[in-house]
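Just so you know, ligand 1 is whichever comes first in the structure, and atom 1 is the first atom listed for that ligand. Throughout, numbering of the chain's residues begins at 1 and tracks the sequence.
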Amino acid sequence: MEGWNVSECLQKVFRQIEEAKLKRTDDLQGREVRLLAVSKIKPVEYIIQAYNAGQKHFGENYVQELHDKATDPKLLEHCKDIKWHLIGHLQSNKVNKVLSVPNLWMIESIDSIKLATQINKAWPNYGLPDSKLDVMIQVNTSRETVKSGCETSELTELARHILNECPNLRLDGLMTIGKYGYDPTLGPNPDYVCLRKCRDDLCDALNLDSKEINLSMGMSNDFEQAIELGSTHVRVGQTIFGERPDKAMWKKD
Ligand SMILES: *Cc1c(COP(=O)(O)O)cnc(C)c1O
């Protein structure tokens, strides 16, 4: 990665997001898009460069790696207002570790009632008094058994549980990864269409305002299309930080 210019790549992604927003249908105009810079496997120096170029939200897949980066003295010194997101699968024995991450902003990978209950119970030991932790429900839209995420049929019950039984959590939205390697030139990604429908059905079922439920979908190869399909939160790694050596690594738990 000699000579990789994080700031330049990031500026380009900022511009691409603005352009994609203009291509949306009228009903989606005016909705903001949040960019999450996915920094897994990349060094702290790159995160600091992106932070200095105006990026505040960062995402990591692995609890240990997130913890190591978030507690790095250099990062703590330079990135005081950083906002960390966990986007990888969370095992119950790692809940306390992730909640102890400084500047933890959101967990995007809630996939069971049990996990939500556990995080809800533990958060008061870590967060500011009376604060709520933002969470997203990860939905397994592609129905691949290797992927984590709740089944679409379980979504309403899980969301209702978070809203009614987890006073220390705030439901921010729904997240999907989608089928690996889908070619966006083939047309709208079925996983993103599915997540949008999940959101609409959920909002109908629980009488929620669909504008209040974000959609986390879209990565380096398709974030522009995801924005056109209604994504309000794109997770972009390689386009900002350069290719990762082993692409298979992030598919694992
Ligand atoms: C790695 C990863 C991304 C980013 O993928 P890129 O291809 O690097 O943009 C987004 N979401 C999740 C859950 C990931 O694991």
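- Within the 4.0 Å heavy-atom cutoff, Arg244 counts among the residues contacting ligand 1.
- Contact annotation: for Ile177 versus ligand 1, heavy atoms closer than 4.0 Å belong to the side chain alone.
- A search for side-chain contact (heavy atoms from CB on, under 4.5 Å) contacts involving Pro167 returns Asn120, not counting sequence neighbours.
- Atoms of ligand 1 lying under 4.0 Å from any heavy atom of Val236, numbered from 1 in the order shown and given with element: 9 (O).
- Shortest non-hydrogen contact noted between Glu65 and Ser39 is OE2-O, 4.3 Å.
- On a distance-only criterion, Met175 and ligand 1 share no N/O pair closer than 3.5 Å.
- Set against the non-hydrogen atoms of Arg235, the atoms of ligand 1 under 4.0 Å away are 4 (C), 9 (O), 10 (C), 11 (N), 12 (C), 13 (C).
- With rounding to the nearest 0.5 Å, the separation of CG in Leu36 from NZ in Lys83 is 12.5 Å.
- Sorted by first and then second residue, the ring-ring contact (aromatic ring centres under 6.0 Å, His included) pairs with a member in residues 217-239 read His85-His233; sequence neighbours excluded.
- Using a 4.0 Å cut-off between charged side-chain N and carboxylate O, Asp204 and Arg199 make no salt bridge.
- Ligand-side atoms of ligand 1 in range of Ile87: 11 (N), 12 (C), 13 (C), 14 (C), range being under 4.0 angstrom from any heavy atom.
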